[in-house]
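A quick write-up on the structure given underneath.
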Amino acid sequence: MQIPSSLKILRIDLMDSDKVLTLAKRRGFLWPSSEIYGGIAGFYDYGPLGSTMKRNIEDIWRRYYVLGEGFAEISSTMISPEEVFVASGHVKEFLDFLVECTKCGEVFRADHMVRDFEPNADALSAGELAAIIDRENVVCLRCKGTLSSPKPFNLMFELGIGAGLKGGRKGYLRPETAQGIFTNFGLLYRHFREKMPFGVVQIGRGFRNEISPRQGVIRLRELNMAEAELFIKSEDDSWPKYQELSGEKLTLVPNEGEMVSISLGEAVEKGIIKKQVLGYFVALTQKFLVDVGVDPEKLRFRQHLKDEMAHYAADCWDAEAKTSFGWVELVGVADRTCYDLQGHIDHSKQDLRAFERYEEATEVEKKKVIVKPEVLGPKFKKDAGKIKMALEGMNPEDLAGKDSVTVNVDGKNFEVEKDCFVLDTVKEKISGERYVPNVIEPSYGIDRIFYTVLEHAYHEEDDYVTLRLDSRIAPISVGVFPLMAKSELIDKAKPIDDKLRSKGIMTYYDESGSIGRRYARMDEVGTPFCITVDYDTLKDDGVTIRDRDTKEQARVKITEILEVLGRLLEGKVALVDLAI
RNA sequence: GCGGCUGUGAUCUAGUCUGGUUAGGAUUGAAGCUUCCCAAGCUUCCUGCCCGGGUUCAAAUCCCGGUGGCCGCACCA
């Protein structure tokens, strides 16, 4: 039977993901969570090698953001009270209204069902959606059955915090780490000694009650994320380190127009990427991803479509990697504007603004309404306070020359005579201005990056599997073997192993089975180098260092191992150059 | 969440249709032998029918429910 070529490719690709996931399970990278109880969709445990490799990826990420960009790392709670997510918009926006067919049970998104009648369907309330469905007689797309009323489905996990008959205070598991940074903005602003711009990062878990988790770790309900929030002055799109990356070649898929392959500098000049600072972090993201092992040939940046944007974002570029699951979003670089901070200002009544000092303070003369409390008080008694506030908020020009003025407080009108206040001109010193900072957010999905790195590192030749992981990512750096399990060789090999570990190099000591089998074990988990003590070692104090990818060997004196390995692991020298 | 397919040691798989020995094999793993540099060979060993009900004298096998996986639809702020 003839199989269409497109299907053939699909089949082969699917087999690839199976192979990678099977290897990941067998060798302790990824394990389905709670497997002895049947497992649970959307949850994965990181095994011993996986935990280490994940940490290695996170450490390199820290190198970029904390050391490289000077961002500060915090670790905020995973549980927050409801108010946080009301302010962030997640309670209202992080949900879909679903309608169910009362006849066949098919479930649809309510806003999709009324899209033809209402251009702004996703902004409607349950009641409004129900009204349109009723009015337009919208029925099930599949069987024409009657639809249920719209029911909200929020993707956040809800919690009751503490005891109490009502189940305690309502809270949620965070769907993103970002809110912990925004709620701490005031303290962070102080930490940075009120100097703008500044950045804050957080590596941690987020939780989303996905309707249909699938594809291994690509869509999880408990996920690992690394997020950076860069606070900048509103409208200021420059970035001091921009020039350093402006030559970086990017593959861009803008939401209008064709896919292009151009430098960051050109992309910003041509207006494909609107802001320098956003572009900088797109390019930085590319450097990071390629650094940890994402194949640059399988990497692109795609701009979100207008209707695809999250509720808080004005612009967003996703880093997408080609995997056997198709193009997978690894990172989102979003312009969140001042949405989040403004939301928290509105809901918490706290001042979460930054202050920018002018180079020179200016003095302005200003007319002001100055209330005489000793006159106003006795006249209006308990209403006096509110009337005072209202008066002071009025435009002095409107009060000039009038005998009395009508003030509306809480729906009641009060006639206030001119003896209650005076109009005066005061000098005011203005030394700067306050503004709500804008936020640029690069948000990394660690689990997806982890998987992509595994898949892009996976090599198979004649059923022999090698993970070509970067030496800084590989969970084990060096295998240490005696050629045979003989005491004279073991006595030489063990101290080498101890020495390397004491210097912080992750090793794996192995004396069982044939030497080839031991190399194969290490190749399969991506260990870049293996050291073997052989019978010649007893005579010349030399050992062989073997390279995972080329299988070449070099002979090195035991006393020089540490120095040589240091250079090899940092990628500063290739083993072939040491070979003798 | 709906529908289809599916679940046998860590991995791959035979057996399931047609119920009936101690569930067979391979890989991996462990212990050992072998001067052993690329999954060599030999010996020995560990580990399994997704879970729960039901039918039956008897269930890996048939039925029902749950659950995991894959695929399609929907979803993916």
Side-chain angles (χ1 to χ4, degrees), chain A residues 10-11 14-15 17-19 21-28 31-43 47 85 88-96 98-101 104-109 111-113 122 140-143 151 153-156 175-176 206 208-216 218-221 304 307-313 316 325 328-329 332 334 445 462-466 479 481-486 488-489 511-524 530-536 538 543-548 550-553 555:
Chain A
L10 188 69
R11 261 195 81 78
L14 288 171
M15 284 167 67
S17 72
D18 276 352
K19 282 178 181 172
L21 285 170
T22 294
L23 169 67
K25 183 180 180 189
R26 207 157 31 83
R27 302 310 304 264
W31 291 332
S33 194
S34 304
E35 201 188 20
I36 62 167
Y37 294 106
I40 170 114
F43 294 89
F85 301 111
S88 72
H90 285 91
V91 168
K92 200 160 166 251
E93 307 282 352
F94 198 53
L95 58 75
D96 296 315
L98 302 178
V99 288
E100 197 176 347
C101 173
C104 73
E106 185 78 20
V107 174
F108 304 94
R109 263 180 67 167
D111 57 328
H112 286 186
M113 299 299 282
D122 63 343
C140 175
L141 292 179
R142 199 169 66 173
C143 76
K151 293 189 182 69
F153 179 78
N154 195 297
L155 262 47
M156 285 193 294
E176 55 171 6
R208 300 167 185 194
N209 200 2
E210 296 285 353
I211 295 171
S212 176
R214 264 188 216 175
Q215 300 175 318
I218 299 302
R219 182 123 41 107
L220 293 172
R221 289 182 167 135
H304 275 205
D307 60 358
E308 185 185 3
M309 223 81 76
H311 64 268
Y312 47 71
C316 186
F325 296 115
V328 170
E329 173 195 348
D462 302 328
D463 287 333
Y464 190 95
V465 174
T466 306
F481 317 137
L483 184 62
M484 291 187 65
K486 295 289 181 189
E488 61 266 38
L489 299 181
E511 60 183 44
S512 81
S514 73
I515 188 70
R517 180 176 298 268
R518 284 176 270 164
Y519 285 144
R521 266 187 210 125
M522 289 293 97
D523 289 345
E524 202 186 27
C530 292
I531 292 175
T532 302
V533 169
D534 55 26
Y535 286 97
D536 288 340
L538 303 175
V543 294
T544 58
I545 298 182
R546 169 209 183 249
D547 181 277
R548 177 193 63 206
T550 65
K551 298 189 169 40
E552 303 249 3
Q553 295 192 345
R555 197 155 188 94

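Since this is a predicted model, take the numbers as computed values, not measurements. Letters go in sequence order (proteins before strands), and every chain restarts at 1.
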May I ask you to verify whether the side chain of [X] and the base of [N] hold a donor-acceptor pair under 3.5 Å?
X: A:Arg548; N: B:C38; value: no
X: A:Tyr37; N: B:C50; value: no
X: A:Gln553; N: B:C37; value: yes

Mind checking who [N] pairs with, Watson-Crick or G-U wobble, both distances under 3.5 Å?
N: B:C76; value: none
N: B:G19; value: none
N: B:G48; value: none
N: B:A60; value: none
N: B:C70; value: B:G4
N: B:C42; value: B:G32
N: B:U55; value: none

Between the protein and nucleotides 28-30 of chain B, list the N/O to N/O atom pairs that are separated by less than 3.5 angstrom.
unit_1	atom_1	unit_2	atom_2	d
B:U28	OP1	A:Arg517	NH1	2.9
B:U28	OP1	A:Arg517	NH2	3.4
B:G29	OP1	A:Arg521	NE	2.4
B:G29	OP1	A:Arg521	NH2	2.9
B:G29	OP2	A:Arg517	NH1	3.0

Closest to the A:Lys25 side chain, choosing from B:A10, B:C75, B:C73: B:A10

From B:C75, B:A10, B:G69, nucleotide with atom closest to A:Ile211 side chain: B:C75

Categorize [X] for me: base, sugar-phosphate, or nothing, with a 4.0 angstrom heavy-atom threshold over every strand shown.
X: A:Leu155; answer: nothing
X: A:Thr22; answer: sugar-phosphate
X: A:Asp534; answer: base

Reading 5' to 3' through nucleotides 4-9 of chain B, protein heavy-atom contacts under 4.0 Å coded B for base, S for sugar-phosphate only, - for none: ------

Who passes side chain to side chain contact (heavy atoms under 4.5 Å, CB included) against [X], sequence neighbours left out?
X: A:Ser512; result: A:Asp510, A:Arg521
X: A:Asn154; result: A:Phe94, A:Leu95, A:Met156
X: A:Thr550; result: A:Asp547, A:Glu552
X: A:Asn209; result: A:Phe157, A:Arg221

B:U21 and B:U67, which share atom name C1', separated by this distance in whole Å: 33 Å

Spacing of A:Phe481 atom CZ and A:Ile531 atom CD1 [to the nearest 0.5 Å]: 9.5 Å

